[in-house]
Structure formats: structure tokens, C-alpha cells
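Quick notes on the structure that follows.
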Protein chains: 4
Amino acid sequence: MARAPSLTPDERRASLLSAARKVFAIRGYHSASVSLIVEEAGVARGTFYNHFTSKRAIFAAVIDDLMEEVASVIEIIDVNVPIAPQAVANIRRVILAVTDPEVARLLFTEAAGIDEQGDEMLREFYRAATARIQTALERGQQLGVVRPGSVGLAAQCLLGMIKQPIFQASLESRQVNADALVFEVFGMLSGGVLRVGGP
Amino acid sequence: MARAPSLTPDERRASLLSAARKVFAIRGYHSASVSLIVEEAGVARGTFYNHFTSKRAIFAAVIDDLMEEVASVIEIIDVNVPIAPQAVANIRRVILAVTDPEVARLLFTEAAGIDEQGDEMLREFYRAATARIQTALERGQQLGVVRPGSVGLAAQCLLGMIKQPIFQASLESRQVNADALVFEVFGMLSGGVLRVGGP
Amino acid sequence: MARAPSLTPDERRASLLSAARKVFAIRGYHSASVSLIVEEAGVARGTFYNHFTSKRAIFAAVIDDLMEEVASVIEIIDVNVPIAPQAVANIRRVILAVTDPEVARLLFTEAAGIDEQGDEMLREFYRAATARIQTALERGQQLGVVRPGSVGLAAQCLLGMIKQPIFQASLESRQVNADALVFEVFGMLSGGVLRVGGP
Amino acid sequence: MARAPSLTPDERRASLLSAARKVFAIRGYHSASVSLIVEEAGVARGTFYNHFTSKRAIFAAVIDDLMEEVASVIEIIDVNVPIAPQAVANIRRVILAVTDPEVARLLFTEAAGIDEQGDEMLREFYRAATARIQTALERGQQLGVVRPGSVGLAAQCLLGMIKQPIFQASLESRQVNADALVFEVFGMLSGGVLRVGGP
DNA sequence: CATGAATGAGGGTTCATTCAT
DNA sequence: AATGAATGAACCCTCATTCAT
């Protein structure tokens with residue numbers, strides 16, 4: 001009844017994570033059942049609980065990995081070379097990372113609203129992301145490439161500007177054109193869309 | 001056993017909707033139970049099913065009302081008077097409408113991911129919202145107050161720019177400063193934030 | 001799918017309690033499953049949880065009823081008529097009440113050790129029983145029919161004297177002879193068994 | 001992977017038994033898990049099953065040891081020297097043996113009701129204990145220090161008299177005063193408590 | 001003998017929905 | 001329409017036991 005382990009614990013864990021990610025992405029957190037996950041992973045139910053304490057826990061692990069994946073593509077900007085291309089490259093990489101349908105679905109529609117603990121994770125993620133953007137903008141201000149003024153809200157707006165097209169694409173089961181989005185975002189950042197007489 | 005109805009069917013329906021909205025906003029779709037809703041409404045379980053075919057259905061009705069509420073604050077722009085203030089006013093009203101904690105929670109974190117039908121509703125909502133913004137932008141182009149070019153993505157970006165700060169505020173159980181957000185959004189639209197090689 | 005209730009809620013509750021009592025008595029707390037109980041009661045699983053919040057809860061209710069049953073057979077002793085026969089009658093009734101195989105099994109072997117809350121119930125039961133006996137003994141002292149001295153331990157010993165034969169009989173699936181036990185207990189109380197240097 | 005055994009098989013078995021006894025005493029049979037036992041013993045799960053065929057089996061072994069421990073303190077009474085002090089000493093030693101919280105909990109609240117096999121063990125234990133007491137009483141009758149008549153029930157009553165105070169103390173997490181209990185039991189045996197005109 | 005990952009039957013519980021009254 | 005007891009599928013999780021290494 002007890003098959004020998006053909007995988008190391010880490011591999012099994014990874015395989016469960018991968019299965020869970022797939023199942024959560026397809027069915028959403030609530031409709032995904034542990035049964036579905038173990039079936040996808042090809043292990044028995046009990047095995048699941050040898051690696052994760054609960055369905056909630058594996059979901060948190062999945063989301064955590066995702067956030068890490070997204071965050072990891074951002075590279076520190078070198079102020080000694082032209083800023084703009086670096087910023088563009090960062091945005092581009094984030095868009096590409098988030099454009100994966102699984103990532104988009106999980107991060108944008110499933111992560112929120114599970115429970116308080118989950119919301120805290122998300123809060124923290126957005127807090128960190130926003131802070132990062134804000135810092136970048138402030139450095140830009142010092143360099144004179146960003147207009148002066150408070151940039152807290154601007155950071156959130158910038159985030160939303162990127163997120164919303166991806167979210168809508170995800171909702172419609174299509175992928176955004178990353179280049180077009182980068183272009184659009186950069187256009188918005190550098191000049192807005194209105195031509196109604198400046199401030 | 002069957003109490004005489006003290007409300008008209010429509011009133012009962014409205015009262016259930018209101019109770020459901022409250023319960024869904026507080027607990028989220030999945031944690032909200034029909035029990036909670038009927039308790040909040042002060043009716044028996046069976047009564048619920050005389051007015052709505054399912055929990056799913058009442059949620060859809062709640063979300064529908066919400067979307068309607070939000071959409072209804074937008075006023076047609078009159079091209080014979082200055083555009084900008086009208087646009088600002090619209091944005092401002094949308095922000096105010098969406099800033100209500102119940103609305104924000106329901107629309108931004110609960111509505112998505114329930115099931116395919118629900119996603120379709122949301123898809124439709126964003127499609128309509130985006131289309132509306134896009135139309136406005138195109139009209140702006142004709143009037144020469146919006147820079148030329150494709151504005152499909154821009155519309156989504158604009159939506160995200162507004163939504164994200166409200167979403168993050170909702171996640172942190174606080175409300176955005178509507179005026180600051182309007183100012184920020186308008187600033188972004190009219191000139192972006194970057195000063196890199198502008199005209 | 002939802003049959004009309006053929007029983008009043010109280011009747012259904014009683015029927016579940018009775019089924020539970022039977023099942024717990026036969027299988028013990030841990031081996032009894034809610035499935036078994038509802039099967040015995042002839043209702044669906046969900047119905048069980050409409051009447052009791054948990055397996056634990058219905059067990060507590062069963063034990064509570066049992067304790068009440070046992071306690072209720074004790075009659076206040078009238079000091080104006082001969083004491084001894086009244087005491088004997090009380091002991092006799094208790095023995096008879098507890099001699100029922102279900103009662104014995106549940107009270108003596110299943111009630112203890114379920115969890116802290118359960119132990120507290122039992123503690124309270126024995127505390128009350130002991131206190132009652134102690135009070136009776138103290139009244140006897142005032143009347144001069146009980147030898148002087150502390151009677152706290154004596155009360156517990158008296159309880160044990162009655163309980164142990166019943167418990168052993170229960171273990172062996174037989175019933176004690178109530179009359180013989182009464183006789184024995186009364187003999188013990190009135191003169192002990194030893195004849196070693198007594199007066 | 002297979003660590004060299006640092007203990008002889010017997011030592012390992014003893015160490016598992018000791019760990020099991022501790023765990024069973026603290027958590028009770030049902031809440032004790034094999035995991036807890038092997039953790040306490042510091043061995044792997046598989047090792048457990050090299051020494052005991054099942055959780056049930058190690059529990060039986062624990063109880064067996066306990067019964068043996070208790071039984072072993074009883075010394076054969078020498079009829080050539082005064083009986084009473086020897087009887088008292090035996091009772092005293094039994095009380096002391098059983099007063100250990102682990103012993104009391106395991107023997108009085110956990111041993112009963114696990115399964116038929118377990119009940120048989122317990123049955124046998126009480127049968128043996130009762131028989132021993134009965135034999136002692138019968139010898140007492142021959143010596144004229146025990147009142148005549150059937151002593152089968154008396155033996156059980158005597159057992160209960162001792163057990164109940166210890167059981168109640170165990171339930172309340174306190175220890176009985178062995179001396180007081182011996183005194184009480186002996187008082188009961190030698191003269192009862194009632195003064196209502198003996199036979 | 002030791003190890004510990006894997007197993008899977010089984011248990012308690014929830015809750016959307018039904019329908020006789 | 002209103003009621004609310006009854007339903008039962010579905011879910012998450014536990015844990016004694018096995019066996020390849």
C-alpha cells in the first residue's frame with residue numbers, strides 16, 4: 001500500500017505545487033479541491049498532507065511563488081546609464097511575467113478575498129510593489145526626469161495602468177501584446193493623452 | 001405557519017438584495033451563506049428561493065445593481081462646453097461611487113472568479129466601461145484634445161489608473177481621497193510624469 | 001429531496017438522542033460514527049446537524065440525560081420516619097437505574113476521557129453525587145445514626161462500593177442482582193466485614 | 001538511511017513502551033497517535049512497527065505492564081502473624097501504586113471501552129483482583145476475622161471503595177491522601193459507618 | 001532492524017436546495 | 001408567497017499502516 005518514494009521530498013513538493021497551480025488557475029481557489037490537486041499530481045490524498053498542512057497553505061505557497069516570480073524580473077536601475085530604457089525594460093519584463101494566463105488568473109482574480117490572511121499577503125505584495133515604483137519615481141525626481149510632487153498615488157496609478165489591460169485580457173482568455181502595452185504605458189507616463197493645455 | 005406577507009414581492013426582493021449585498025460585502029461570496037442572508041433579511045430560507053433561484057443568482061443581481069449604480073453616475077459629455085471639467089467631473093463621480101467599501105469589495109475582489117457566467121458579467125462590464133472611455137477619447141481626438149493614435153489600450157490603462165488606488169485602499173480598509181486621485185489621474189492624463197526628452 | 005417533517009423538532013431530537021444513546025452504548029464514543037447514528041435514527045446526515053452541533057454535543061446530551069435519570073431517582077429523606085429504609089430504598093433505586101446496560105456502559109466506561117470538557121461534566125457529576133451522599137451522612141451524624149468524623153472520603157467510598165460491582169457486571173455483560181448488592185452495601189455500611197478487635 | 005541501532009531490541013522496545021505510556025497517559029488512547037509516540041521515543045515510524053504490530057498492541061502492552069505493577073505490590077499474607085496490619089499494608093501499597101497519575105488515568109479512564117479485546121483484558125484484571133480479595137476474605141472467614149457469608153460481592157465493593165476516591169482524585173488532577181484512604185477503608189471494613197442497630 | 005514517504009479508508013462537518021404544510 | 005425541517009453530495013483532513021531502500 002505504501003509505494004516507495006520515487007521522488008525526493010523536494011521534488012514531490014514541487015510537483016504538488018505545480019499541480020496545485022494548474023488546478024487553482026483553471027478552477028479557482030474555491031472550486032479546486034484537494035482531490036483534484038492530488039489527482040493532477042498523481043499521488044494519494046494523504047501524501048498531500050505530508051507536504052502541506054492544508055489547501056489554504058498550498059495556495060499561499062503557490063501565490064508566494066508567483067509573487068516571487070514576478071518580483072524577480074525587476075532589475076535595479078543603474079543611474080549611470082540612460083534611465084528610460086531600463087525602466088521600459090523592467091516594465092516589459094513584468095508585463096511578460098504577468099501575462100502568463102495562470103499567473104494573471106491567480107494573482108488578479110483568485111488571490112483576493114480568500115480570507116484575512118490571504119488579503120494580508122496581497123496587501124503586502126502591492127505595498128511592496130508600490131513602494132518600489134515610488135522609490136524609482138523619487139529617484140527620478142532627484143535626477144530631474146520625473147516631475148516634482150508627491151508620487152505615492154502615481155505609483156499606484158502606474159501599477160493599475162499595467163495591471164488592468166492584463167487583467168482584462170485574462171478575463172477574455174487572451175494575452176496582451178506586451179510591446180503595445182509597454183508603448184502605451186510609456187506614452188502615458190511621458191506625456192499623457194490629453195492636449196488640453198497644461199496645468 | 002405561513003406568516004402573512006407584510007411586504008410586497010418587490011419590497012421583499014429588495015430587502016433580500018440589500019441583505020445579500022451587505023452579507024456578501026462583509027464575508028465575500030463564498031463565505032456568505034444563504035442562512036446568513038435570510039437571517040439578515042429576517043425571512044425564512046424557503047422565502048429566499050421564492051425570489052431568487054440560487055445563491056449565485058442573487059449575487060449576480062447584487063453585482064448587476066452595483067454596476068448599474070456605477071455606470072449611472074457617468075454623464076454624457078456636452079461638446080459645446082469645455083470638455084475637461086466634464087471629464088473630471090465624471091471621473092470624480094465614478095471614484096466616489098466606487099469608493100464605497102461595499103462596492104469596492106464586491107466589484108473588485110468578489111465579483112471575479114466565481115464561475116464562467118460571473119466572469120462573463122464582469123467581462124461585459126469592463127468591455128462596456130472601456131468602450132465608453134474609448135469613445136470619449138475618440139471624440140476627444142476629433143476635437144483635437146486627445147493625442148492621435150489607437151486609444152483602445154489607453155482606455156484600459158485609464159480605467160486601471162483609477163481602479164488600482166481604490167482597490168489597494170479597499171484592501172487596506174481605508175478610503176481613497178477622491179480629490180487627490182482625480183488630480184493625480186488628470187495630471188497623468190494631461191502630462192504624464194516623465195520629463196525625459198519631451199517636446 | 002426534502003421530505004416533509006413527520007416529527008416535531010422535539011421528537012426528532014429525542015429520536016436522535018435515543019439512536020445516539022444506543023449506538024454509543026454499543027460501540028463506544030469513538031467507534032460510533034455520526035453515520036451510524038443517523039442510520040439508526042433513519043434520517044439524513046444533514047438532519048443530524050440541524051439538531052446537534054457536533055458528535056461531541058450529542059454525546060454530552062446523552063450523558064446529561066443519563067445523569068439526570070440517575071439523579072432523579074433519589075428521594076429526599078424524611079427525618080421523621082425511620083432513616084434506614086429510606087436510605088436503602090434510595091440506594092436500591094440508584095442501583096436499578098444504573099444497572100441498565102446502556103447506562104452502565106455509557107456512564108462508567110465511555111464518559112471518561114473524551115476530552116477536557118467531558119471530564120468536567122463527569123467531575124461535576126461525581127462532585128454532586130458525592131456531595132449529596134456526604135450531606136446525607138452528615139445529617140445522619142446529627143441524628144446519631146452515623147459514626148462521627150469526617151465523611152468526605154466515606155461518601156466516595158460508598159459510591160465506589162456501589163459502582164464497582166455494577167461496573168464489573170457491565171464489563172461482563174451481565175446485570176448485578178440489585179437486592180444482593182443493596183444487602184451487601186448495607187451490610188458493609190452497618191458493620192463492615194471485619195471482626196478484628198472490634199468492640 | 002538506516003541508522004545503526006544504538007539500542008538492543010529489548011531496550012528499544014522498552015523505550016517505546018515508556019514513550020507510549022507517557023503519551024497515552026497525557027492524551028488518552030484515542031488522541032495519542034503513533035506519530036506522537038515515535039516522536040517521544042525518538043525513532044522513525046517504521047521502527048515502531050518492527051516492535052509492535054499496532055497501536056492497539058502497544059497499548060495492551062502498556063496496560064499489561066501497569067496491571068503487573070499494581071498486582072506485584074500485593075504480598076501474601078502470613079497467617080501466623082497478626083492479619084490486620086498485613087492487610088492494611090497491602091491496601092496501602094496498592095493505593096500508592098495506583099495513585100500515580102499515569103497509572104490512574106490509564107487504568108481507570110483509558111483502559112475501558114477501546115474494543116472487545118481490551119475489555120477482556122480489563123475483565124480479566126478485575127476478575128483476578130476480585131478473586132484475590134475474595135480468597136483473602138475467605139481465609140479471613142476461616143480465621144474468624146471476617147464475618148461469615150458470601151464474600152464475592154464484598155470483594156468487589158472493597159475494590160470499589162478504594163478505586164473510587166482515587167478515580168475522582170485523578171479526574172480532578174489531584175492525588176488522594178493514601179493514609180487517609182487506608183484509614184477510611186479500614187474503618188469501613190471494620191465497622192461500617194452506620195449506627196442503626198446492627199443485626 | 002531502521003527509515004520515512006506514501007497510502008487511502010474513513011470521519012466529521014457544511015450548506016445550497018427542496019417541498020409538504 | 002412564507003415557512004423551516006430535511007436532504008445528501010461534497011469537502012477537508014487524520015492517521016494507522018506499509019514497504020522499498
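Reminder, nothing fancy here: chain letters follow the sequence lines and each chain counts from 1.
Under a 3.5 Å cut-off, the side chain of A:Thr109 and the backbone N or O of A:Arg105 do form a donor-acceptor pair. A donor-acceptor pair under 3.5 Å is absent between the side-chain atoms of A:Arg21 and the main chain of A:Val62, judged by distance alone.
Rounded to an integer number of Å, the gap from B:His30 NE2 to F:dA10 P is 17 Å. The interatomic distance linking D:Ile114 (CD1) with F:dA16 (P) rounds to 12 Å, in whole Å. A straight line from CD1 of D:Ile37 to P of E:dG4 spans 17 Å, rounded to a whole angstrom. Here the C1' atom of nucleotide F:dA16 and the CZ atom of D:Phe24 are 12 Å apart, to the nearest Å. Taking atom CG of residue C:Leu16 and atom P of nucleotide E:dG12, one finds them 14 Å apart after rounding to whole Å. Rounded to an integer number of Å, the gap from D:Arg13 CZ to E:dC1 P is 12 Å. C:Phe48 places its CZ atom 16 Å from the P atom of F:dA5, with the value rounded to the nearest Å. Following rounding to the nearest Å, C:Phe59 (CZ) and E:dG12 (P) show an atom-to-atom distance of 13 Å.
The shortest distance between the side-chain N/O atoms of C:Arg12 and the OP1/OP2 oxygens of F:dA6 is below 4.0 Å.
With F:dG4, E:dG12, F:dT3 as the choices, the nucleotide that has an atom nearest any side-chain atom of B:Arg45 turns out to be F:dG4. With E:dT3, F:dC13, F:dT7 as the choices, the nucleotide that has an atom nearest any side-chain atom of A:Tyr49 turns out to be F:dC13. The side chain of A:Asn50 approaches E:dA6 more closely than any other nucleotide in the set F:dT3, E:dT13, E:dA6. Of the listed nucleotides (F:dA1, E:dA6, F:dC12), E:dA6 has the atom at the smallest distance from the side chain of A:His51. Here E:dA2 is the nucleotide among E:dT13, E:dA2, E:dT17 with the atom lying nearest to any side-chain atom of D:Thr47.
Remark on DNA chain F: of its neighbouring residues A:Ser35 and B:Thr8, the 5'-side contact belongs to B:Thr8, judged by nearest-heavy-atom nucleotide. When each of A:Ala44 and B:Lys55 is assigned the nucleotide of DNA chain E with its nearest heavy atom, A:Ala44 is the one assigned upstream, toward the 5' end. Remark on DNA chain F: of its neighbouring residues C:Gly46 and A:Gly46, the 5'-side contact belongs to C:Gly46, judged by nearest-heavy-atom nucleotide.
Contact annotation for C:Ser33: backbone-only contact, meaning every heavy-atom pair under 4.0 Å involves sugar-phosphate atoms and none involves a base. No engagement by C:Ala57 is indicated, since no non-hydrogen atom pair under 4.0 Å with the nucleic acid exists. Backbone-only contact: B:Ala32 has heavy atoms under 4.0 Å from sugar-phosphate atoms and none from a base.
Contact record, D:Ile37 with D:Leu16: CG2-O, 4.2 Å, taken as the closest heavy-atom pair.
At a cut-off of 3.5 Å, with distance as the only test, a side-chain donor of A:Ser35 or A:Arg45 sits close to an acceptor on the other residue.
Of the nucleotides present, E:dT3 is the one that pairs with F:dA20 by Watson-Crick or G-U wobble criteria, both distances under 3.5 Å. For E:dG12, the paired nucleotide is F:dC11, the pair qualifying as Watson-Crick or G-U wobble because both relevant distances are below 3.5 Å.
With a 6.0 Å radius and a threshold of 12 heavy atoms from other residues, nucleotides or ligands, B:Glu11 has its CD atom above the threshold.
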List the steps and the verdict of salt bridge (Lys or Arg N to Asp or Glu O under 4.0 Å) for B:Lys22 and B:Glu102. CA-CA 7 Å; B:Lys22 185 169 171 185; B:Glu102 282 189 0; over 6 Å; no
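For the C1' atom pair drawn from F:dT21 and E:dC1, the interatomic distance equals 13 Å after rounding to whole Å.
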